[in-house]
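Working notes, structure below.
Naming: A, B, ... by sequence-line order, numbering from 1 per chain.
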2 protein chains.
Amino acid sequence: MGTPAAFGPLERADALCVRRGVRLTPQRRRVLAILCSASRPLGAYEILEAMRDGSRPLAPPTVYRALDFLLEQGLVHKLESLHAFIGCRHPDHPHSGQFLICRTCGLVTELEDEAICESLRSAADETGFRPERRVVEVLGVCACCVGKGVEG
Amino acid sequence: MGTPAAFGPLERADALCVRRGVRLTPQRRRVLAILCSASRPLGAYEILEAMRDGSRPLAPPTVYRALDFLLEQGLVHKLESLHAFIGCRHPDHPHSGQFLICRTCGLVTELEDEAICESLRSAADETGFRPERRVVEVLGVCACCVGKGVEG
DNA sequence: CTGGCTGCTGTTATACTGTAGCGTTATCGC
DNA sequence: GCGATAACGCTACAGTATAACAGCAGCCAG
């Protein structure tokens, strides 16, 4: 006892990587921590900036390599339409999520909607296409901003 | 008579722009022609290269501005996951298409699948999200390449 | 223990993608 | 014509991403 009943995303990532026999090194964990604690998607150079603790002037490849690892492990997602990255909400099973992206407040909602998955799968099947990665990003205005009339 | 029964994408774009009261200028038409005659998506700088007929060394904003216009008019699509552009197959009605992108041969198939549209719409509705633009890109291996065993 | 292998990190330099801003030219309505 | 607006040309630069190579730590077979 003493350990909390609910683990945070970092602890779950630790466990996941141990199970898979891959190494969540301090650099990689740091990038994941930054993404998980952010309230919105971050660009690679924003992450880079956030990693400068005091003196270290890190170079882009450092963060891109960490991101490559985290993407492979499904711990973060890349939002292609924003050139930005976001921590995954349910990394326990591998998936390409679907995203609702508010252009007003920057809020991103990750979905894992079975109807969307199924419709994509069946469309691909019809042409014999073998899907490997799915990019589904819906840009618009979230309910909150619509309510406030902020949508422009 | 004398006019062919089937018009090409350029002629259809001409008619569309006239109907809408917008100008498909020579530069814009040229970019559209390059995209329509390409067998795969082209990056902005590839288009730029293709536009150098003999002497003219064009600058990036020229092609980006033309692309902005063509995107607005729904005459071309942007493939976010490739940073590349492709001519639209059925520009007569505005839409965000869905794309099957083969990582082996570069073939891109544009779909307009009602089931996909509907599942996206209903997922957005559930959260009150108001969609404006949909990015749907499935990366994988096309039937042809799967058949050839090229998929790696 | 040692040497080689592997994987991770650091660093420099550079490639690729996209835009701001400004002056000039063409087009259109009057 | 003439003024307003849209389109274009150009320079410069911002933002995103990767190639290539060097150093280092850990592991493990011999």
Side-chain angles (χ1 to χ4, degrees), chain A residues 13-14 17-18 20-35 40-73 75-86 106 135 137 139, chain B residues 13-14 17-18 20-35 40-73 75-86 106 135 137 139:
Chain A
D14 286 332
C17 288
V18 167
R20 292 177 185 168
V22 295
R23 294 172 53 200
L24 188 61
T25 64
Q27 288 280 39
R28 293 165 175 175
R29 200 169 190 277
R30 195 152 155 58
V31 170
L32 180 59
I34 289 168
L35 282 175
R40 58 179 184 82
L42 298 180
Y45 281 69
E46 287 181 297
I47 298 170
L48 201 55
E49 185 61 25
M51 289 182 78
R52 314 182 60 140
D53 55 345
S55 53
R56 295 192 300 168
L58 287 182
T62 299
V63 64
Y64 278 106
R65 280 190 289 231
L67 286 169
D68 285 344
F69 172 86
L70 296 169
L71 287 167
E72 269 172 26
Q73 298 302 322
L75 296 170
V76 307
H77 293 295
K78 176 168 191 182
L79 299 176
E80 294 287 351
S81 61
L82 300 183
H83 304 288
F85 303 85
I86 190 171
V135 174
E137 300 173 17
L139 307 162
Chain B
D14 286 331
C17 288
V18 167
R20 291 179 186 166
V22 297
R23 295 171 54 199
L24 187 60
T25 63
Q27 288 280 39
R28 293 165 175 177
R29 200 169 190 276
R30 194 152 156 59
V31 170
L32 180 59
I34 289 168
L35 282 174
R40 58 180 185 80
L42 298 180
Y45 281 69
E46 287 180 297
I47 298 170
L48 201 55
E49 185 61 25
M51 288 182 79
R52 315 181 60 139
D53 55 345
S55 53
R56 296 191 302 169
L58 287 181
T62 300
V63 64
Y64 278 105
R65 280 191 289 230
L67 286 169
D68 285 344
F69 172 86
L70 296 169
L71 287 167
E72 269 172 26
Q73 298 301 321
L75 296 169
V76 307
H77 292 296
K78 176 167 193 182
L79 300 176
E80 295 287 352
S81 61
L82 301 183
H83 304 290
F85 302 86
I86 191 171
V135 174
E137 300 172 17
L139 306 162

Checklist entry - Over how many whole Å does the gap from A:L71 atom CG to D:dT16 atom P extend? => result 16 Å
Next on the checklist: Please determine whether a side-chain nitrogen of the Lys or Arg among A:R20 and A:E72 lies less than 4.0 Å from a carboxylate oxygen of the Asp or Glu.
Outcome noted: no
Checklist entry - Per the end-axis method with five pairs at each terminus, what is the bend angle of the helix from C:dC1-D:dG30 to C:dC30-D:dG1, to 10°? => result 30°
Checklist entry - Taking protein heavy atoms under 4.0 Å as touching, what does nucleotides 17-22 of chain C look like 5' to 3' if B marks base contact, S marks sugar-phosphate-only contact and - marks none? => result BBBBB-
Checklist entry - Given C:dT9, is OP1 or OP2 found less than 4.0 Å from the side-chain N or O atoms of A:T25? => result yes
Checklist entry - How are the rings of A:H83 and B:H83 set to each other: parallel, tilted or perpendicular (split at 30° and 60°)? => result parallel
Item to check | side-chain contact (heavy atoms from CB on, under 4.5 Å) against B:A84, all qualifying residues, sequence neighbours excluded | outcome: B:P41, B:L82
Checklist entry - Which whole-number value in Å describes the distance from B:Q73 CD to D:dA6 C1'? => result 14 Å
Checklist entry - How close or far is atom C1' of D:dA17 from atom CG of A:L42, stated in whole angstroms? => result 17 Å
Next on the checklist: Before you tell me yes or no, could you show the steps for B:L42 and B:R40 under side-chain contact (heavy atoms from CB on, under 4.5 Å), namely the whole-Å CA-CA distance, both residues' side-chain angles and the distance that decides it to 0.1 Å?
Outcome noted: CA-CA 6 Å; B:L42 298 180; B:R40 58 180 185 80; 3.9 Å; yes
Item to check | Euclidean distance, A:L70 CG relative to A:R65 CZ, rounded to 0.5 Å | outcome: 13.5 Å
Show me the protein contacts with nucleotides 24-26 of chain D, counting only N or O atoms at under 3.5 Å.
none

Next on the checklist: So which atom in B:A50 and which in B:R30 form the shortest heavy-atom distance, rounded to 0.1 Å?
Outcome noted: O-NH2, 4.0 Å
Item to check | Separation of C:dT27 C1' from B:Q27 CD (nearest whole Å) | outcome: 16 Å
Checklist entry - Expressed in angstrom and rounded to an integer, what is the separation of A:L67 atom CG from D:dA17 atom C1'? => result 11 Å
Item to check | pair B:L35-B:L75: side-chain heavy atoms closer than 4.5 Å | outcome: no
Checklist outcome for this item: Residue set satisfying salt bridge (Lys or Arg N to Asp or Glu O under 4.0 Å) with A:D68, at least two apart, ordered chain then number -> none
Checklist entry - Rounded to whole angstroms, how far apart are CZ on A:R52 and P on C:dT11? => result 11 Å
Checklist entry - Contact class for A:T62 (heavy atom, under 4.0 Å): base, sugar-phosphate, or nothing? => result base
Checklist entry - Rounded to the Å, how far apart are B:M51 CE and D:dC10 P? => result 12 Å
Next on the checklist: Applying side-chain contact (heavy atoms from CB on, under 4.5 Å) to A:E46 and A:I34, what does each step give before you reach the verdict?
Outcome noted: CA-CA 10 Å; A:E46 287 181 297; A:I34 289 168; over 6 Å; no
Next on the checklist: The criterion is side-chain contact (heavy atoms from CB on, under 4.5 Å); which residues satisfy it with B:E137, sequence neighbours excluded?
Outcome noted: A:V135, B:L79, B:E80, B:S81, B:F99, B:I101, B:V135
Checklist entry - A:L24 versus A:F69: any side-chain heavy-atom pair under 4.5 Å? => result yes
Checklist outcome for this item: Separation of C:dC16 atom P from B:L48 atom CG, nearest Å, is 13 Å
